[in-house]
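Down below is the structure, laid out as structure tokens.
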Amino acid sequence: MIRHTLEELLRDALSAAQTAGDLPTFEIPPIEIARPPKPNMGDYSTSLALKLAGTAKRAPLQIAQSVVKHFPAHAAIAQVESVAPGFVNLTLAPAWLAQQVNEINAAGAQFGNVPLGNGAHVQIEFVSANPTGPMTVASARNMAIGDTLARLLRAANYRVATEYYVNDAGSQVRHLGESIYARCAQQRGRDEPFPDDGYKGEYVNDIARAILERDGDTYLQMEYPAAVRALKKIGVSMMLEKIRATLARAGVVFDEWFSEQSLYDSGLFNTILDKLAAKGLTYEKDGAVWFQATALGLDKDAVLVRSAQVVSEPDERPTYLASDLPYVWNKLVTRGFDRAIYIWGADHQGDVPRVLAGAQALGLDPKRVVIIIYQLVRLTRGGEKVRMSKRAGEFDTLDDLIDDVGVDAVRFLLITSSADTSMDFDLQLAVQRSNENPVYYVQYMHARIAGILRNAAEQGIARGQADVNLLRHPAELNLIKQMLKLEEIIELAATKLEPHHLPHYAMELGRAFSAFYDHCPILPPKQTDAALTRARLELAVAAKTVLARALDLVGVTAPETM
RNA sequence: GCCCGCGUAGCUCAACGGAUAGAGCGUUUGUCUUCGGAACAAAAGGUUGGGGGUUCGAGCCCCUCCGCGGGCGCCA
């Protein structure tokens, strides 16, 4: 990556200046490179001279001048200059830039990959919505962030496993089973009361109907608790199928669907309790089992297993935290992931310290646990706040949103702002706004290139024997620079786990192509120079590849026609 | 009350502690007898919520107010 090359060259320059006595001897800190605000300031810049002024005991500008003086010659660099108050600006060489078109085309779909992760094994767990109803739009941001992150980390040389944590233990899924039972009975004409905590959505009726159709009255003839247990299992698996289908529409496929219940069935839950107890980090109080989180610096202790007085069902006594602890152990020890990444909404931020403390209590390095908190999307419809309650049956499904707005627009929109930003999302506006979503601009540029390539083929223009050195127009060089930036964006986004940089980059790249397209005719009859046609076709092919990659990383399609 | 996040152009949002704070949409104007006009070029639009502080340099870091969202239970 050119950026890293420049860092090394700057380091060499500093070191050479020290050897020559132009600068005093001091330890050279990590070199940070930025992009200057204006094009006439070059392509890259560094403020290292400003930062070194103290340690080097020289005026910033003087340090910058020394760096320029000792900067090694390099084919990629056309100009190095110092500028007040102490910046060093670097300009890339046109000949080198033009050559990069061949490099990009040689790399093809691999272009943009960076070695960052060194093959480390990372798990990303996301969505993990309760399997008690269809996916709602409330899960959309979680899904978009998690899946884009997975794609990004793969591009950054991590081994990535994606996982959906299925909350199939506890009272919520029991309520689902009870709701299905009630609907089955009602559909058979029985006067069965609907449970207070039941799920009132119409989809429960659909499930009941399907079950009656398939299995007849089997479950209605069973003892109630056994029937609920059976219907719960069937309901969960049917909901998961529905959720899986919705996710597939959105371009999201999970490597693993991990059952919460399995943590209890396997005995791992008890093992973890024993481990904590052995360290003296649990105690009993009022019939409940507590985790002594205060011993790890937290404000208060947390309940792991509720008392019989509070929760009658023994299976439902463990809290969320109780399963989070064996789960993190399972991730980091049983399965040996180097890092476990969680994507949680801001409504779970309070659980973060407890899980990290729990990991630490179990002797795991908390740095291997990364919990990304995203701010909740504020859903409105025509300015009115939308309430989301699966239990009351009031919610907007993700399927409906995809029907109305389209997968590409939804994903692009949701990933454009950083996880820390509370987004406003108006379901009514989203439909109208779909045509002005920037995603279409980027896709259009891709389709446009595809159209040009089709035209070229029709005109019998074959690729090959192109001399990319003919590419010297500012719009051509700028487009190449933007394409090269993909590597930096992937490295940045993967390092900081911030997928929102991708859509902004895609727009920037689209603009660069559009400007090139407007200023530089490619095909006859507009372009009469056959050699230039071939060179520009190479550039167009490269641009198409990079645009497609940028879109794919966000999970957006790159259409050949629109 | 305490904890976390956020307050940037009319709207939705960007901006490794760096240079004159940028995009999209919207508004206004222009370009082109369209290699795909879902385009390009330009303009208007800002005291980065207020006030202090640190720094050569602050939208970004610290303090403090105000506002918004979320969390603070043997709920899940």
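Lettering follows sequence order; numbering is per chain, from 1. These numbers come from a predicted model, not from an experiment.
Between A:Ser514 and the phosphate of B:rC40, there is a side-chain N or O to OP1/OP2 separation shorter than 4.0 Å. Of the side-chain N and O atoms in A:Ser417, none sit less than 4.0 angstrom from OP1 or OP2 of B:rU12. For A:Tyr517, a side-chain nitrogen or oxygen approaches OP1 or OP2 of B:rG37 to under 4.0 Å. For A:Arg448, a side-chain nitrogen or oxygen approaches OP1 or OP2 of B:rG37 to under 4.0 Å. Close to B:rA14, at under 4.0 Å from its OP1 or OP2, lies a side-chain N or O of A:Ser418. Residue A:His500 places at least one side-chain N or O closer than 4.0 Å to OP1 or OP2 of B:rA15. Look at A:Tyr320 and you won't find any side-chain N or O under 4.0 angstrom from OP1 or OP2 of B:rC74. Residue A:Lys300 places at least one side-chain N or O closer than 4.0 Å to OP1 or OP2 of B:rG73. The side chain of A:Asn437 places no N or O atom within less than 4.0 Å of a non-bridging phosphate oxygen (OP1 or OP2) of B:rG24.
Distance noted for atom C1' between B:rG17 and B:rC56: 12 Å (whole Å). Going from the P atom of B:rG53 to that of B:rG45 covers 31 Å, rounded to whole Å. Between B:rA15 and B:rG59, the distance separating the two C1' atoms is 9 Å to the nearest Å. Using C1' as the reference atom, B:rC74 and B:rG70 are 23 Å apart when rounded to the nearest Å. Nucleotides B:rG57 and B:rU64, compared at atom P, are 23 Å apart to the nearest Å. Taking atom P in both B:rU47 and B:rA9, one finds a spacing of 8 Å when rounded to whole Å. The same atom, P, is picked in B:rC25 and in B:rA21; the two are 22 Å apart, to the nearest Å. Nucleotides B:rA44 and B:rG18, compared at atom P, are 27 Å apart to the nearest Å.
Listed nucleotides B:rC16, B:rC13, B:rG70 differ in distance to A:Asp424; the shortest reach to its side chain belongs to B:rC13. When the nucleotides B:rG36, B:rC40, B:rC74 are ranked by their closest atom to the side chain of A:Trp290, B:rC74 comes out on top.
Counting non-hydrogen atoms of other residues, nucleotides and ligands closer than 6.0 Å to CG of A:Asp196 gives a total of 12 or fewer.
Residue ring and nucleobase are not stacked for A:Tyr444 and B:rA39 under a centre distance beneath 5.5 angstrom and an angle between planes beneath 30°.
Residues A:Ala34 and A:Ala288 both approach RNA chain B. Their nearest nucleotides, taken by heavy-atom distance, put A:Ala34 toward the 5′ side.
The pairing partner recorded for B:rA15 is none, the criterion being a Watson-Crick or G-U wobble arrangement whose two distances lie under 3.5 angstrom. Look at B:rC40: its Watson-Crick or wobble partner, with both distances under 3.5 angstrom, is B:rG30. Judged by Watson-Crick or G-U wobble contacts below 3.5 Å, the nucleotide B:rG7 has B:rC66 as its partner.
A:Arg448 forms a cation-pi arrangement with A:Tyr517, by the criterion of a distance under 6.0 Å to the ring centre and an angle within 45° of the ring axis.
Defined by atom type and a distance below 3.5 Å, a donor-acceptor pair is present between the side-chain atoms of A:Ser259 and A:Asp168. Counted by atom type alone, A:Gln172 and A:Arg391 present one or more donor-acceptor pairs between their side chains at under 3.5 Å.
Applying the 3.5 Å distance criterion, the base of B:rG69 shares no donor-acceptor pair with the side chain of A:Ser422. Between the side chain of A:Arg454 and the base of B:rG36 there is at least one donor-acceptor pair of N/O atoms closer than 3.5 Å. In the interface, the side chain of A:Ser307 is paired with the base of B:rC74 through a donor and an acceptor atom under 3.5 Å apart. Evaluation of atom-type donor-acceptor distances gives a pair under 3.5 Å for the side chain of A:Ser45 against the base of B:rA19. A:Gln375 contributes no side-chain N or O that forms a donor-acceptor pair with the base of B:rG70 under 3.5 Å.
Of the charged side-chain nitrogens involved, at least one lies within less than 4.0 Å of a carboxylate oxygen, so that A:Arg35 and A:Glu488 count as a salt-bridged pair.
A centroid separation of 6.0 Å or more is found between the aromatic rings of A:Phe126 and A:Tyr164. Checked against a 6.0 Å centroid threshold, the rings of A:Tyr444 and A:Tyr441 do not count as neighbours.
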